Every structure is written in structure tokens, then in C-alpha cells.
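Reading through the C-alpha cells given below for one structure.
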Amino acid sequence: MDDRPQTFVIGTAGHVDHGKSTLVKALTGIDPDRLREEKEREMTIDLGFAWLSLPSGREVSIVDVPGHERFIKNMLAGVGGIDAALLIIAADEGPMPQTAEHLAILNLLHIERGIIVLTKTDMVDEEWRDLMIEEVREALGDSALAGAPIIPVSAISGKGLDELRSAIDALLETVPPHAEHGRPRLPIDRVFTISGFGTVVTGTLIDGPLLVGQEVEIQPGELRSRIRGLQSHGSKEERANPGSRTAVNLAGVSVDEIRRGQVLTIPGWLRPTQLIDAHLKLIENSPIPIEQNDEVGLFVSSSEALARVTLLNDERIQPGEETWVQLRIAEPLAVAKGDRFIIRQPSPSVTIGGGIVIDPHPRRHRRFRSDVIESLEVLAEGTPSEVVFQAMESGPVELRSLASTVALSDTDLRGAVDELIAEGSVLVLKRAQADGPLVPTTLLMREDAYSVTVSEIERMLETFHQRNPLRRGMAKEEVRSRTGLPARAFEEIAQRAGAEGRFVSDGEVLRLPSHHIRFTPEQRERIDRYIKAMRADPHTPPPPGNFGIEPDLAIALAETGEVVRVDDNIVFARDTFDDIQQQVLQIIDQQGTITLSQFRDHFGSSRKYAQAVLEYLDDRRVTRRVGDERVRYSGG
Ligand SMILES: Nc1nc2c(ncn2[C@@H]2O[C@H](COP(=O)(O)OP(=O)(O)OP(=O)(O)O)[C@@H](O)[C@H]2O)c(=O)[nH]1
Ligand SMILES: [Mg+2]
């Protein structure tokens, strides 16, 4: 168990030049502007990081963001996962455009804890300061930070900083324990090398702890690695807890394989996606509405991509309105259910809204369908088992991939799955061991979907048998491709339905249990004549064509087992062939090998027959060719 106190991450926000970085330095002693260009231009460009211990002893990381509107993408990459925000407003200027935009972003991301820091108060008199406090209160409107404390400070004189530290302490007191789903995620916001250590990535850790030595996966890209070391606040740790800024030293990967926007997590559950269902809200002062198929910039955690909006229930949505959408993303992103996102107009670039991921792996929906909207409502609001049931709508799914769709802790997810299995609405297609526990790769399927699929296959087979009475069954691969199921799911469904007696899996083909190859009396008559002729000359039997046995009929006859079809023209009666095979093996056992001419002499057959039979035996792995001789397939 880990009994260290909870860690926290707070972020700055606010208009350019209002004093965010200066305040961070005054609070922590660490200059968050680390790039040379930042120091030269006296402007934050990319994220900066610092940390401090509060009077209570709490450890807090601070993510310092740029205020300039050109770098808002970097601000968005840093704001994910923070526990609280410091919205910094310079007392001389008061609220400005990016004050409002950052406030809107905090609101959309549901970052509801914050402190308004009125800084640079050394530059104004008291009267002006009080006027600004009024103005700030007004600017907060009915946002989530409407009731937040407003603390006047000067980062230069240090006035108000103690009050600010206490206020941060009091605010963090109200942060509930960080969620632990058992599936830690580190949205990567920085990648660099440290000489002697190699590749390091950093981010704000959410949803679970990371441990040194652990195997990890980086998505999108499915890059595997192992955690060589962990750091938080500049000191080495064996374990990083959710809610902390975390630096991860990775084994065996180079910096150019990783970029901001990827997510480091435990292997096997987080599947990248290019289609998500979401609930979307446009901010009141969005300059534009959204119309069907509009393109937007999508920002989730530290990642960004272009996306097109399918409005599922509207022709257009106006500023201030909210609705259900499907987002078609231009490139894969590793997101999970419940992730909050921001959308921006691509050009001119401005924040227009945001929302929450409801299903990261939906199917394409048709618009204006009440059943689609209802299922999204269930996914958004339902009980765990309702959510899991709904999430399984699109077909068989592995237990581990359900995890990214449902945003439940492992315990709750298993609880919900067990409940659904017990009530019979979900089936375990195949357990790793009979009666064994569910493992991450166990395939689950809704019972209703299973019934529909099996009935569909039955109908397919019925039609096939009717049209092809001489065929033993339908090629499995063809059945599978018509159902559209992935190979493993199909195989497990076929096995289960087979065990239930719904159809028979017979080598490469599937058939209905009632189906057998049946010949018409006329066909039977021809066959009997043909077989009689074969018996007259068993080792050099006549070709089937001589008796009007067309290839289809010969194949069917072979499938019934009455004959062995070595090729189109060389067909033996079954017992003759079995006898030939047995004698071949006997000869091999007596003299070690058999040659083609030995075969020919022994059976008194032609070279053509001898060669065809021996090749057939090679194909069947009865014999094996070594130079000009045959040995037993399994023998030396
Ligand atoms: N007098 C006075 N000047 C301040 C105070 N805080 C910051 N400044 C000055 O304001 C200027 C901008 O400060 P920064 O901290 O770089 O502002 P910022 O919000 O980080 O700016 P960006 O990161 O570019 O958005 C600098 O010249 C600071 O010295 C303060 O409390 N009093
Ligand atoms: Mg700055």
C-alpha cells in the first residue's frame, strides 16, 4: 500500500502578460519559462512546470500555460487533469479576451475549482483595485468559478502571496481522492532525452498509479516499453500516483518515436479511435453556429486533430446550445469514455465549444434516429450494467476493450459483466479454461446479438444447401466474411453454436445438422456403374468422365467418403485407396523408402497413377519426398 499524502496539480490561466509565470516563480522559486526564446521575448510559449509545498505540507505541482492566443494549443495540452486553476488577471488591465477564453475552457473541461489571482496590484491604487475586483466578479458571470475567491497580490513585492498559499491549501482540501480505475493514463505533454538515461516523457498522471519496472504501451502507435525510472518534483520515486506531474524514463524507445498527444498506459486496453460519440456544447459567445459536417479542431488531453461533426439530431446548433454528435477524426487519437474535450474553429482560430466523450468506439450512426439518441443517453447516464450492455451493441468484444468504452473501475466493470452473464443477457463465447475466470481477452457477446447472428448463419446455410445439394457445406471463410465478424469471434460463435447443435463445423466447412449429400436415383445408378468398373481394375481405375460422372458429382462422392479423389481424373474406390496407402507404408517400413518405380511395379499401375498417388500422399503428410524416394512423413 502507498500511504504517502495525496498529490495535486494546479494550472495557471489568463491573458498574455498578466503575470502568470512571474507569480509561479514568486510562489515556487522555479522559473517556468525554460526556453531561451521565452526568456528573450519575456513571453511563455510552451508549458512550464514548477512545484511547491504548501503551509499544510501538501505537495503541489504547477503547470504554467502561455496566455498568448497563438499558443492556446499549448495551453490546452497542459490544462488536462488539473485539480484546480489559478486564473490570473492583472489589476492594471482587468479581464481581457484570453481571460474570457481560458475561463470558458476551464468551464468546458469541468475544472470547477479555482482561485482568481488579481496580480500586479503594486501598479494600481486601492480604489482602482476595488473597481477591478467588481469587474472581475462580473466577468466570471455564471461560470464554474463564479464563487471563487479573488485574491489581490503583487508578485514583485510579495504582498498577498501568503494569503494565496493558504487559499490554495483550503481549496485543495475540497478535492476528492483521485479516481483509480486501475488503468493509469499519462497523456504525454513533453518528450526529451537526459544523457545517461535516455528517453523521458512527462504528463499529468490520471486514473491509476505507475510503477518502476512496469510494462507500458504508448498509443496511438502500440509502442511497447518498460518503465526504467519515475520522477516527480525532481526526485526519484518507485511509484507515481494519479494526480501528480510525472516524468517517466522509458527503456528501449527513442525520442523520435514519441510525441506530445500520445498516451502512455498499461498494455492492451486503450484502442485509438477515429470516430467518437460525444455530447457537445457551444459556448454562449461562440462567433459561429455549427452546421452538419463542419470541420473543427479537436483537443483532448494533450492531443489535437481535425474532426468533422455529424449532428445526430439537428441541422445546426447555435451558440449556447448543446446536443449529441458523432465526430469523425482525421487521425487516430487515444481517448476513453468520459474524457472532456475542446473544439475550436480552425481559422480564424477561436474556441467555440467542448464536450464529453460518450463512446470512443461507436458505429457510424444515421442521423435523426430516436434509438441512437436513446442509446447515447443510456451510455451517458445509465447504471454500470446498462452502460456495459449498451456498449456491447456493436458485436463481440474482448473484456479489456470494453474498459475504454465504459469508463468504469475494473471492479465495477467486472461486477456489471458478471451481473449480465448471470441474468443471461451476455454470453461468454469461450473461457480460457472451462469454468475459469474471465481474462482480459475473454470474448463477450450480447445474447440478443448472438441469437441474431446464429439465425443469420442458419439461413445462409439453408440457402446454400438448397442451391448446392452436392456440396457438404459452405466454406467457413465465406460464411465469416458475409457476417462481417472478425476471425476469432466467428470461430468462437461457430464452436458455441456447434455445441448447441445449431450447425456442424466439419473441417473447412459449416453445414446444418440435417444436411447430407443425397444423390438422385439417376445419379446413384451412374455412380454404381462407375464404382463397379473401378473394382474391375482397382489400381488403374477408369476416369469418372468415362461414366458421365461430372466433376461436381465426383467431388460430392469424395465428400461422402465412397471414393478418394487424387485429382480430376484419378479417383479410387475408398477401400482400394486405403489398401494402397497401407501397403506403401509397409514397404517403407520394410526397406526404409519407396521409389516411384517400386510403386509402379508393386501395384502394376502406370507411371502417371504412381506419381499422382505418391504426391497425394505427400500432400496428406502420409509420406515425404526425399530426393527420388519417399519416407514416412513423421519418420527421420
Ligand atoms: N509590477 C508588477 N509587474 C509584474 C507583476 N507580475 C508580473 N509582472 C510583470 O509583467 C510582465 C509579464 O509577466 P509574465 O509573468 O511573463 O506574464 P505571463 O502571464 O506569464 O505572460 P505569458 O506567459 O506570455 O502569457 C513581466 O514584465 C513581469 O515582470 C507584478 O505583480 N507586479
Ligand atoms: Mg508566462
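Whatever order the structure lists them in is the order used to number ligands and atoms, beginning at 1. Everything numeric here is computed off the predicted structure, so don't read it as measured data.
One finds a salt bridge joining K39 and D31 here, because a Lys/Arg side-chain nitrogen approaches an Asp/Glu carboxylate oxygen to under 4.0 Å. The residues D33 and K20 are annotated as not salt-bridged, no charged nitrogen and carboxylate oxygen being separated by less than 4.0 angstrom.
Counting protein heavy atoms only, atom 31 (O) of ligand 1 is closest to A155 N, 2.8 Å. The protein heavy-atom contact nearest to atom 18 (P) of ligand 1 is K20 N, 3.4 Å. Distance from atom 17 (O) of ligand 1 to its nearest protein heavy atom, with residue and atom name: G19 N, 3.1 Å. The protein non-hydrogen atom at the shortest distance from atom 14 (P) of ligand 1 is T22 OG1, 3.3 Å.
Every atom of ligand 1 with a heavy atom of M43 under 4.0 Å away is listed here by number and element: 24 (O).
Remark: D277 engages no residue in a salt bridge (Lys or Arg N to Asp or Glu O under 4.0 Å) (not counting sequence neighbours).
Residue T121 places no N or O, backbone or side chain, under 3.5 Å from any N or O of ligand 1. Checked by distance only, ligand 1 and D64 stay at 3.5 Å or farther apart across all their nitrogen or oxygen atoms. Between S21 and ligand 1, a contact under 3.5 Å exists for at least one N or O pair.
Ring pair W324/H279 is perpendicular by interplanar angle, where above 60° counts as perpendicular and below 30° as parallel.
Protein N/O/S atoms closer than 2.8 Å to the Mg ion (ligand 2): S21 OG, T44 OG1.
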